[in-house]
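Accompanying notes for the structure given below.
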Amino acid sequence: MSRLKRILLLVCIAIIGCIVSCKPRTSDNTIPAKGNDSDRSLMLVNIADNIILPTYANFDLKLTDMISKSDAFRNAPTEVTLTEFRTAWADAYIEWQKAALFDFGPATDYTLNSFLNLYPTNVSAIQANITAGNANLENFSFYSAQGFPALDYLINGIATSDADIVSLYDTDIDAAKRNAYLLKLTNQMRLKFDGVNNAWKNNYRNTFIASTGNGVNASTSVMVNGIVYYYERFLRSGKFGIPSGAMVNGTLLPGNVEAYYSKALAKTLAETAHQSFVDFFNGKGVNTGITGPSLFSYLNALDAKDATTSVLISKEITTQFDVVKTKLDALTGEDLSNEVSTQNANMIAVYNQMQIATRMLKVDMCSALSITITYTDNDGD
Amino acid sequence: MSNYFNRTTSVAPLVVFRIGLGFMLFLGTIRFWLNGWIEGLYISPKYFFPYYGFDFVVPLGNYTYALFFICGLSALFVALGFLYRLSSITLFLSFTYIELIDKTTYLNHYYFITLICFLMMFLPAHVYFSVDAYRKEHIRANTVPQWCIDSIKLFVSTLYICAGIAKINPDWLLHALPLKIWLPARNDMPIIGFLFNYTWVFYLFSWFGCIYDLCIPFFLWNKRTRIVAYFFVVVFHVLTSMLFPIGMFPYIMIITALIFFSPTFHERIISFIIDLLPTLSKSVASNKTYIYSNFKKRFVLGVFFAFFAIQFVMPFRYLLYPGQLFWTEEGYRFSWRVMLMEKAGYTQFTVKDGNGKYIIVNNEEFLTRQQEKMMSTQPDMMLQYAHILADYYELQGFVNPSVYVDAYVALNGRIGKSMVDTQVDLAKEKESLGHKYWIINYNE
């Protein structure tokens with residue numbers, strides 16, 4: 001080979017090297033081949049258009065209704081307006097359970113779960129905020145003095161009889177301050193939710209469906225990491241693990257259940273949250289009821305099954321969801337604080353089965369989907 | 001044989017390798033810095049996982065930046081051949097120290113760099129076309145003992161062949177695992193992405209990868225097949241770099257494999273650069289041979305023999321342990337087992353004491369995501385973590401805390417299984433090189 005040729009070879013290598021190293025850091029934004037079952041973009045589109053956007057739209061309506069009932073109550077506190085407010089609050093709270101699992105993207109940017117549903121609510125902080133009148137709800141220490149749990153206390157727990165509750169907003173010396181705080185809370189919920197909802201409606205939807213890769217910032221990874229985290233921390237630990245004492249010393253914490261003051265909602269909230277998670281996994285359209293491309297179908301398209309037993313990973317997971325459901329059904333009543341105090345074994349049973357489901361989601365599903373959780377280099381060991 | 005050790009050859013391949021390696025490591029250090037990994041991997045974690053026997057290697061806090069600075073500067077100096085003896089030693093020491101801080105960052109690639117830097121400390125890579133040679137006429141030489149260059153080739157060959165042997169296992173060859181799991185996740189890649197929807201492609205990649213690793217050293221060594229082999233080196237490593245997040249390594253291997261080319265080839269690279277910068281010609285003005293003094297030669301050859309003896313044995317030490325290697329990972333590291341398995345785990349630790357206190361640990365409070373991910377599949381790290389927890393909760397008022405783990409681990413796409421006996425108090429177990437009896441056998 002002549003000298004020239006050798007130099008040419010070197011140059012070629014250098015050029016190839018440059019091309020390769022100058023490629024985009026991840027191929028998160030490329031367009032996949034259409035029509036395959038393993039086409040992640042189909043799954044992302046179905047999840048965005050048939051699940052997330054309509055769920056947010058539905059919640060938007062319930063939130064609007066709740067706020068108008070709250071306003072009506074503030075303007076004319078009576079037992080009638082209180083009851084209407086409570087009903088709207090419960091409806092919105094139930095609807096929120098269907099949206100809480102989208103704990104990724106804008107919802108994470110806005111830490112929406114923390115603003116809307118951090119419990120147990122901090123009663124002394126609420127009282128102090130009412131008195132002070134100028135509390136900054138963005139302050140981290142006041143996350144637990146707002147959202148649905150704070151409203152729960154203010155309309156269900158602040159006094160024992162409905163007449164007493166009404167008088168606290170009507171004739172009591174601090175009535176005006178309490179009404180002001182109610183308004184502050186509903187404004188804050190509106191603000192936080194609108195931030196997330198508008199982000200999805202404006203451009204995040206397109207960002208979400210276009211990012212079809214499997215890098216740590218690609219939608220599939222972000223989404224799966226988000227929902228699995230939600231299942232573990234909010235469903236398993238928040239609703240069952242912590243109040244039942246399963247996680248610390250066996251200490252019963254009946255005051256730590258969701259919707260503690262209402263006494264007539266917690267089971268429904270938990271069941272709704274879990275069913276929404278299952279529907280999300282199965283890709284079931286929220287308004288249509290039709291199942292589309294989903295984590296379930298994607299796992300099947302990847303032929304994700306145990307190499308030894310041939311059990312499909314998707315099947316393993318949905319079977320476990322069914323087991324969780326039977327344990328949820330076995331809870332004796334809506335009042336889960338009473339369940340903790342009197343039938344805690346039922347709470348522990350739900351926790352234990354959710355724990356098994358968590359392992360499957362975190363390990364079997366994430367492994368089969370090749371989900372990336374960190375940025376660093378690896379060589380696959 | 002003694003004849004072989006007296007043979008000499010052009011120093012050019014070693015010099016080009018020195019320059020390539022030095023610059024790649026220099027860039028690698030900068031990349032690491034810019035990615036924020038110094039902070040993320042070595043400063044922000046609250047706890048670290050030192051290697052067995054290397055507990056004296058402690059994290060340096062903000063001084064880690066100084067360590068990386070020394071490492072990067074040494075790499076640059078090695079590339080330039082400036083104060084080579086000193087800078088090759090500081091490069092080896094600083095790089096190795098960084099690697100020893102935390103086991104959870106272990107990569108075969110980094111181990112490769114550590115070892116190659118070790119060899120480079122003993123090799124006369126600075127006697128030609130370097131700042132040192134430019135400044136000091138008396139050290140200049142244009143030929144060196146043949147074994148100096150062959151040792152690099154031998155080391156690279158060992159790496160490839162061991163990586164190839166490791167791929168001869170049922171999962172890799174018969175089930176195309178883990179590529180069957182990893183490749184479909186890349187089916188949105190331009191041009192070749194669609195291929196990853198077909199099962200035969202996973203088998204093709206698996207078999208090609210295995211045969212490539214086993215054969216490539218021989219084809220690189222053979223003059224007639226070298227060009228074609230090098231073409232495959234480039235294609236193979238460029239492909240892996242596009243498919244997997246493996247950082248600088250593919251490029252380092254592409255540069256390293258140049259060592260197999262003839263001295264003439266490397267001399268032309270050097271003269272090509274000298275044509276551009278004629279003043280450098282002074283640094284190559286020599287017809288001397290670099291000669292190790294008798295003592296030095298014995299010493300260095302002794303070190304190299306020991307080095308290669310260890311290298312040949314290390315990858316097979318796993319045979320001394322019972323159980324399935326991929327499951328227990330006893331004897332897994334330092335063996336060129338690259339991209340061999342998809343493993344994911346979930347560990348729930350329970351700390352108890354005799355007074356009825358217990359807590360289920362939230363790993364996030366102690367470990368970074370990267371650390372938790374690595375710990376959750378590797379028993380030796382679970383043990384280290386158990387001791388971290390025992391120490392922590394003892395301070396929190398737990399009397400003689402015991403630590404139990406429920407470890408659920410999935411290997412190569414099979415449904416997860418329990419990895420550790422949940423009845424064993426890990427706080428009472430000690431790390432050793434022996435088998436860990438508390439690992440549950442992997443029965444398919």
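Numbers restart at 1 for each chain; the letters A, B, ... are given by sequence-line order, proteins then strands.
The main-chain N or O of B/Ala185 is found under 3.5 Å from a side-chain atom of A/Arg40 such that the two form a donor-acceptor pair.
The side-chain heavy atoms of A/Val216 and B/Arg369, taken from C-beta on, include no pair separated by under 4.5 Å. Two residues are said to be in side-chain contact when any heavy atoms from C-beta on lie closer than 4.5 Å; B/Val409 and A/Val363 fail this criterion. Put simply, the side chain of A/Ile356 does not reach to within 4.5 Å of the side chain of B/Tyr408, judged on heavy atoms. At a threshold of 4.5 Å between non-hydrogen side-chain atoms, the residues A/Arg233 and B/Asn362 count as touching.
Taking OG1 of A/Thr212 as the start and CE of B/Met189 as the end, the distance is 11.5 Å to the nearest 0.5 Å. Separating the CG atom in A/Leu312 from the CD1 atom in B/Ile415 is a distance of 8.5 Å, to the nearest 0.5 Å. Considering CG of A/Asp39 and CG of B/Asn187, their distance stands at 7.0 Å, rounded to 0.5 Å. Taken to the nearest 0.5 Å, the CZ atom of B/Arg414 stands 11.0 Å off from the CD1 atom of A/Ile313. Remark: A/Ser367 OG to B/Tyr346 OH distance equals 16.0 Å, nearest 0.5 Å. Considering OG1 of B/Thr350 and CE of A/Met247, their distance stands at 9.5 Å, rounded to 0.5 Å.
Between chain A and the residues B/Gly356, B/Ser376, B/Gly345, the largest count of heavy-atom pairs under 4.5 Å involves B/Gly345. Options B/Val361, B/Thr368, B/Ile359 differ in how many heavy-atom pairs under 4.5 Å they form with chain A, and the most are formed by B/Ile359. Ranking A/Arg359, A/Lys362, A/Met360 against chain B, the residue ahead of the rest is A/Arg359, based on heavy-atom pairs under 4.5 Å.
Across all their heavy atoms, B/Gly416 and A/Asp364 have their closest contact at N-OD1, 2.7 Å.
Only the backbone of A/Leu369 comes within contact range of chain B, with at least one heavy atom under 4.5 Å from a heavy atom of that chain. B/Gln371 does not touch chain A: none of its heavy atoms, backbone or side chain, sits under 4.5 Å away. For a residue to count as touching a neighbouring chain, one of its non-hydrogen atoms must lie under 4.5 Å from one of that chain's; by this rule A/Ala304 does not touch chain B.
Around CD1 of B/Ile191, the count of heavy atoms belonging to other residues, nucleotides or ligands within 6.0 Å does not exceed 12. Counting non-hydrogen atoms of other residues, nucleotides and ligands closer than 6.0 Å to NZ of B/Lys103 gives a total above 12.
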